[in-house]
Number of protein chains: 2
Amino acid sequence: MAKNECDLKSCFLCKFCLKDWIPAIAANRKNFEVKKGQQLFKEGDPAAGIYFIYSGAVKVHKRWDNEKELILRFAKTGDIVGQMGLGPEATYPVSATAIEAGLACFVDMEFFDSTLNINTQFTKQLVMVLANDLKESEKRMRNLAHMPVKGRVAQALINLKNQFGTNNDGYINIELSRQDLASFTGASYESLFRVINDLTEEKLIGVSGKSILIRDTGRLVNLTAETE
Amino acid sequence: MAKNECDLKSCFLCKFCLKDWIPAIAANRKNFEVKKGQQLFKEGDPAAGIYFIYSGAVKVHKRWDNEKELILRFAKTGDIVGQMGLGPEATYPVSATAIEAGLACFVDMEFFDSTLNINTQFTKQLVMVLANDLKESEKRMRNLAHMPVKGRVAQALINLKNQFGTNNDGYINIELSRQDLASFTGASYESLFRVINDLTEEKLIGVSGKSILIRDTGRLVNLTAETE
DNA sequence: CGTATCTTTGAGTCATGTCAAAAACGGTGG
DNA sequence: CCACCGTTTTTGACATGACTCAAAGATACG
């Protein structure tokens with residue numbers, strides 16, 4: 001393999017980049033290992049650049065009140081993190097923290113920006129990614145406003161299953177702390193706990209340690225529609 | 001003015017488009033008047049294309065439950081609507097309805113897509129717009145999860161003032177029904193009503209019909225920080 | 001084996017939504 | 001100009017979902 005080609009198949013950056021631009025990427029990217037719990041950046045930091053996740057998992061979250069936070073979304077292999085640092089404001093509006101060790105790639109904003117100027121296909125792909133994130137965000141926003149906690153937990157579990165898939169036993173392929181799951185659904189720790197209990201008793205899900213198994217997708221989906 | 005040049009200064013599409021692409025735009029766009037209350041599209045509709053708002057005001061909203069909705073954002077002169085129709089899903093995930101009469105421009109998805117392929121500057125601008133929308137959306141999401149209604153109303157009023165400005169008397173330059181204001185803050189009609197009352201009594205705002213005047217920005221901003 | 005960190009449970013409180021009904025408003029047509 | 005009807009505003013009472021607080025069990029861990 002040529003030294004200046006991307007050796008990582010799931011590199012969003014390389015996948016959609018011009019052939020003759022790839023050497024420049026190789027020269028400008030910084031690959032590095034990420035430890036569990038490591039913070040890639042936090043809200044308020046100067047927006048230094050964009051991160052591409054090769055492996056592992058990262059939570060993107062936003063604080064409220066020094067105590068509470070909301071997890072906005074998760075990024076895993078092939079996803080981008082830090083794109084909200086784009087635009088005139090020079091700081092990240094959110095934080096990004098690894099929940100699973102892995103490998104990431106950093107590209108500084110200046111180089112990223114020049115890529116956007118040069119590479120239409122890449123920029124277009126970014127538009128698609130952002131449009132999708134926006135769609136998801138607006139859907140969750142609506143849910144936060146109108147859907148009760150139980151439905152939101154159901155929705156969160158469905159989303160997690162879609163994003164991370166399941167292992168051999170059918171358990172969702174991500175281990176989240178209860179606290180993180182609560183922050184992801186926008187509920188308190190205790191509320192989440194009780195709902196998880198309910199769902200287990202009603203046999204909609206199964207729990208083993210931190211792993212969660214969806215037993216009855218149909219009824220879980222019903223919870224997300226509720227009054228309809 | 002040449003017939004094939006864009007005659008509308010606030011056309012996002014033309015402003016960032018290549019000179020030699022503008023004739024193609026002129027041939028492919030459809031300008032039309034929008035009446036108050038007119039629905040540009042509704043969620044579930046096939047994503048036919050993108051709308052550019054020249055004048056007037058449009059709300060972008062998402063239903064819940066046939067009764068309730070959340071207003072996600074407003075679009076006015078220079079803004080784009082329908083961009084969430086981008087991507088593999090062929091339907092709009094939201095609705096767009098005029099709250100003020102005005103002028104809009106429609107470009108079908110196919111042509112829009114080919115513009116994205118050809119015009120890097122335009123595509124890059126779109127990235128910036130989307131990144132900004134995403135930022136705003138995620139902020140509001142966090143607020144919906146953790147900020148009490150009063151703070152959200154305060155935030156909504158501040159946002160409206162920033163987006164629409166004020167008229168000679170200092171009143172925010174948009175007339176929203178109370179119902180719409182409630183849907184925008186993610187609260188019930190009655191809750192919104194009581195909060196507006198409170199704020200008026202506390203002399204943070206003034207109300208005249210549907211128009212609202214911000215009297216004390218400082219204390220209003222405090223409400224959005226609350227416990228900090 | 002003791003200390004710290006999570007889990008689990010219970011009880012109490014409060015913010016917000018719901019429901020219902022009265023009052024005010026606005027337009028329309030006679 | 002007024003009587004009427006539909007809509008929006010305003011108010012009160014109430015129900016309840018969800019958060020908070022606090023404390024007792026577990027579990028991990030050095």
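Protein chains get the first letters and strands the later ones, always in sequence-line order, with residue 1 at the start of each.
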Nearest-angstrom distance from the residue atom [atom1] of [X] to [atom2] of [N]:
{"X": "B/D65", "N": "C/dG17", "atom1": "CG", "atom2": "P", "result": "14 Å"}
{"X": "A/M147", "N": "C/dG17", "atom1": "CE", "atom2": "P", "result": "16 Å"}
{"X": "B/L70", "N": "C/dG17", "atom1": "CG", "atom2": "P", "result": "12 Å"}
{"X": "B/L144", "N": "C/dT16", "atom1": "CG", "atom2": "C1'", "result": "13 Å"}
{"X": "B/E175", "N": "D/dT8", "atom1": "CD", "atom2": "P", "result": "14 Å"}
{"X": "A/D198", "N": "C/dT9", "atom1": "CG", "atom2": "C1'", "result": "13 Å"}
{"X": "A/H146", "N": "D/dA18", "atom1": "NE2", "atom2": "P", "result": "14 Å"}
{"X": "A/E190", "N": "D/dA22", "atom1": "CD", "atom2": "C1'", "result": "10 Å"}

Query raised in the report: Has the side chain of A/R194 got a donor or acceptor atom sitting under 3.5 Å from an opposite partner on the base of C/dG10?
Result: yes
Has [X] got a side-chain atom pairing as donor or acceptor with [Y]'s backbone, closer than 3.5 angstrom?
{"X": "A/S208", "Y": "A/S211", "answer": "no"}
{"X": "B/Q163", "Y": "B/F74", "answer": "yes"}
{"X": "A/K161", "Y": "A/T166", "answer": "no"}

Any base atoms under 4.0 Å from [X], or only sugar-phosphate, or nothing? Heavy atoms, all strands.
{"X": "B/K150", "result": "nothing"}
{"X": "A/Q179", "result": "nothing"}
{"X": "A/K210", "result": "nothing"}

Query raised in the report: Do B/K150 and B/E202 sit within salt-bridge range, that is, some charged N less than 4.0 Å from a carboxylate O?
Result: yes
Query raised in the report: Under 6.0 Å between the ring centres of A/F106 and A/F52?
Result: no
Query raised in the report: Centres of the A/F16 and A/F12 rings: under 6.0 Å?
Result: yes
On the nucleotide [N], are OP1 or OP2 found under 4.0 Å from the side-chain N or O atoms that [X] carries?
{"X": "B/S191", "N": "C/dT16", "answer": "no"}
{"X": "B/Y189", "N": "D/dT9", "answer": "yes"}
{"X": "B/N197", "N": "D/dT11", "answer": "yes"}

Report summary line: Between A/G186 and B/F193, whichever has its closest DNA chain D nucleotide further toward 5' is B/F193
Query raised in the report: With respect to A/E138, which candidate in B/R73, B/H61, B/R140 satisfies the side-chain hydrogen bond (donor to acceptor under 3.5 Å, both in side chains) definition?
Result: B/R73
Query - Difference in axis direction between the ends of the helix from C/dC1-D/dG30 to C/dG30-D/dC1, five pairs, 10° - result: 30°
